[in-house]
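Working notes, structure below.
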2 protein chains.
Amino acid sequence: MTEATGTASAARVADVLLLFADGPTARGVSEIARLLGMPKAVVHRILTTLVDRRLLETDPGVRGYRLGPGAAALGARALRESRLREAAMPVLRELSLQTGETATVSARVAGGRVYLDQVQSPQEIKMTVEIGRRYPLHAGSSSNCILAFLPAAEREAVLAAEITAVTEHTLVDPALLQDRLDTIQHQGYATSAGERQLGAGAIAAPVFGLDGEVTGSISVCGPATRLDEDTRDKVVPLVRAAADTISRKLGWHGGLPDRG
Amino acid sequence: MTEATGTASAARVADVLLLFADGPTARGVSEIARLLGMPKAVVHRILTTLVDRRLLETDPGVRGYRLGPGAAALGARALRESRLREAAMPVLRELSLQTGETATVSARVAGGRVYLDQVQSPQEIKMTVEIGRRYPLHAGSSSNCILAFLPAAEREAVLAAEITAVTEHTLVDPALLQDRLDTIQHQGYATSAGERQLGAGAIAAPVFGLDGEVTGSISVCGPATRLDEDTRDKVVPLVRAAADTISRKLGWHGGLPDRG
DNA sequence: GATTTCGTTCCGCTGGAAGGAACGGATGCT
DNA sequence: AGCATCCGTTCCTTCCAGCGGAACGAAATC
């Protein structure tokens with residue numbers, strides 16, 4: 001929204017581009033102009049340039065723009081060479097081995113988080129996630145983990161925004177959600193059951209970067225029937241230890257207020 | 001290079017971003033400024049903005065910038081929802097079934113092409129490609145296919161640029177390469193053996209978009225020992241037919257000069 | 001310790017982008 | 001069919017935001 005850093009024109013380009021990260025596959029000039037509060041002429045010029053560079057492409061019938069192969073090349077590399085992902089994967093392999101469930105790693109992005117990668121459970125019935133898909137921060141344990149450890153200002157901005165139920169088990173009351181975030185912040189991990197996907201359970205812990213800010217989270221997830229309260233006691237310390245290991249790999253060197 | 005369309009400032013942003021599509025993982029301000037011929041101050045401002053939007057992130061020791069999770073979110077979606085990919089995948093499944101080899105689909109991007117997706121061969125010894133990785137247009141059959149059907153101006157620009165050998169079997173003489181491109185354009189498909197990767201063989205055909213321009217290519221690839229001259233005669237018509245099917249799905253409705 | 005090279009900051013000038021308005025085509029509603 | 005709306009695109013003038021040369025401190029190299 002506010003652009004204090006860098007140049008406003010570059011921010012406009014980035015904002016236009018990021019609009020394509022979720023929502024409808026194709027968007028039109030007027031729609032984008034309305035969403036970002038820019039004149040249509042400006043949006044049109046930016047879109048033209050991005051098409052020229054193949055970051056976007058025009059939809060067949062000349063109605064609307066969508067992501068192009070240039071963005072694909074960029075993103076595939078971003079996924080492949082993410083520092084968080086590289087630090088997490090060996091730890092996740094271990095974690096998946098210990099628990100027998102799928103282990104995932106997510107990174108914080110503007111407006112939510114994305115799954116960077118996963119190590120799939122060897123079991124026949126298992127949970128898998130969609131790499132690179134963006135999810136909001138208010139539902140699910142991987143999301144809530146990030147939200148709970150965000151700087152207060154950013155956290156409140158998310159809570160103030162509209163909260164839409166993803167499933168019937170999503171917490172939609174901001175006050176209740178705030179309570180849960182307090183608990184998560186206090187105990188250093190998050191659990192969830194069916195908030196983002198029905199029948200799924202997960203245990204997640206936050207990952208911190210060099211500067212001490214939360215850069216993402218990891219989770220162990222599977223069918224809710226297997227991740228019951230008994231197994232949870234066994235899994236929680238494993239997930240927390242794994243998250244710590246990854247944070248340290250990223251250069252983080254601190255402690256959590258109410259942790260350990 | 002030349003920016004006649006849209007705005008120059010947006011083009012600068014796109015160019016900075018696209019620089020991260022290949023080459024070193026992390027790049028510095030001065031390096032980018034040198035590569036793009038911009039003042040350091042400008043590059044620095046753009047980078048600052050892109051970091052703010054999480055399309056880029058700063059490397060640990062504050063030395064250099066690299067792709068961030070925002071780019072990952074963008075690109076994952078671009079791959080997932082590419083029209084070319086969606087049109088190609090069912091056809092590639094069929095093609096892989098018929099040939100027993102790996103089938104791939106590539107899209108043209110600035111400075112080369114990227115693999116959008118593949119259907120892997122069921123055999124134990126098989127060839128696989130790296131999704132999202134960018135390759136130059138002068139080596140390999142998937143690449144040459146695109147190059148051969150590019151508008152003359154663009155093709156000559158590629159040929160004029162420096163041609164570096166990827167393996168010992170890469171054609172580096174522009175004249176010889178031009179001859180091959182003529183052949184490909186004439187017969188409507190391309191074959192290669194070990195140009196991009198030693199021991200690998202491939203048969204590729206171009207895919208055209210609504211406007212009749214080549215938007216990418218598909219290939220059947222595997223160990224060179226299995227893709228010999230005998231099997232080639234069987235595979236070529238299958239690949240050509242598959243490419244035609246995909247082109248038609250994309251709204252293309254024309255014929256090739258020396259084809260059929 | 002000297003020197004190069006880095007990332008970052010400052011500031012005055014100017015040229016390119018902004019953006020309101022108008023156009024023509026497509027679509028949908030009555 | 002006629003009307004109204006909404007779309008993408010283009011035009012043109014005004015002005016302010018970004019350009020970019022230069023200077024700075026830090027860090028790496030020799």
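Just so we're on the same page: letters track the sequence lines, and every chain starts at 1. Predicted model only: the values in this text are computed from it and were never measured.
In this structure, E31(A) places its CD atom 13 Å from C1' of dG8(D), rounding to the nearest Å. As a whole-Å value, the separation of H44(A) NE2 from dC12(D) P is 16 Å. Straight-line distance from the CD1 atom of I46(A) to the P atom of dG19(C): 10 Å, rounded to whole Å. I32(A) has its CD1 atom 11 Å from the P atom of dT9(D), to the nearest Å. Distance R27(A) CZ to dG8(D) P: 12 Å, rounded to the nearest Å. Remark: C1' of dA17(C) and CG of L47(A) are 15 Å apart, rounded to the nearest angstrom.
Side-chain nitrogen and oxygen atoms of Y65(A) include none within less than 4.0 Å of the OP1 or OP2 phosphate oxygen of dC7(D). Neither OP1 nor OP2 of dT5(C) sits under 4.0 Å from any side-chain N or O of S30(B).
Picking from dG18(D), dG7(C), dC7(D) the nucleotide with the shortest atom distance to the side chain of R45(B) gives dG18(D). The side chain of A41(A) has dG19(C) as its nearest neighbour among dG19(C), dC19(D), dC7(D). Comparing dC19(D), dG8(D), dG19(C) by their nearest atom to the side chain of P39(A) picks out dG19(C). Nearest nucleotide to the side chain of T7(B), out of dA17(C), dC7(D), dC6(C): dA17(C). Of the candidate nucleotides dA18(C), dG18(D), dG20(D), dG18(D) has the atom nearest to the side chain of A8(A). Picking from dG8(D), dG19(C), dC19(D) the nucleotide with the shortest atom distance to the side chain of V42(B) gives dC19(D).
When each of V214(B), L181(B), T215(B) is tested with F149(B) by the rule side-chain contact (heavy atoms from CB on, under 4.5 Å), just one qualifies, namely V214(B).
Two residues, R12(A) and R34(A), neighbour DNA chain D, and the one matched to the more 5' nucleotide by heavy-atom proximity is R34(A). Sequence order on DNA chain C of the closest nucleotides to S9(A) and K40(A) puts S9(A) first from the 5' end.
Judged by the 6.0 Å distance and 45° axis criteria, R196(A) is positioned over the aromatic ring of Y135(A).
For the pair S142(B) (side chain) and S217(B) (backbone), a donor-acceptor distance under 3.5 Å is absent. Looking only at distances, no side-chain donor or acceptor of T58(B) sits under 3.5 Å from a matching main-chain atom of Y65(B). One N or O on the side chain of R155(B) and one on the backbone of L150(B) form a donor-acceptor pair closer than 3.5 Å.
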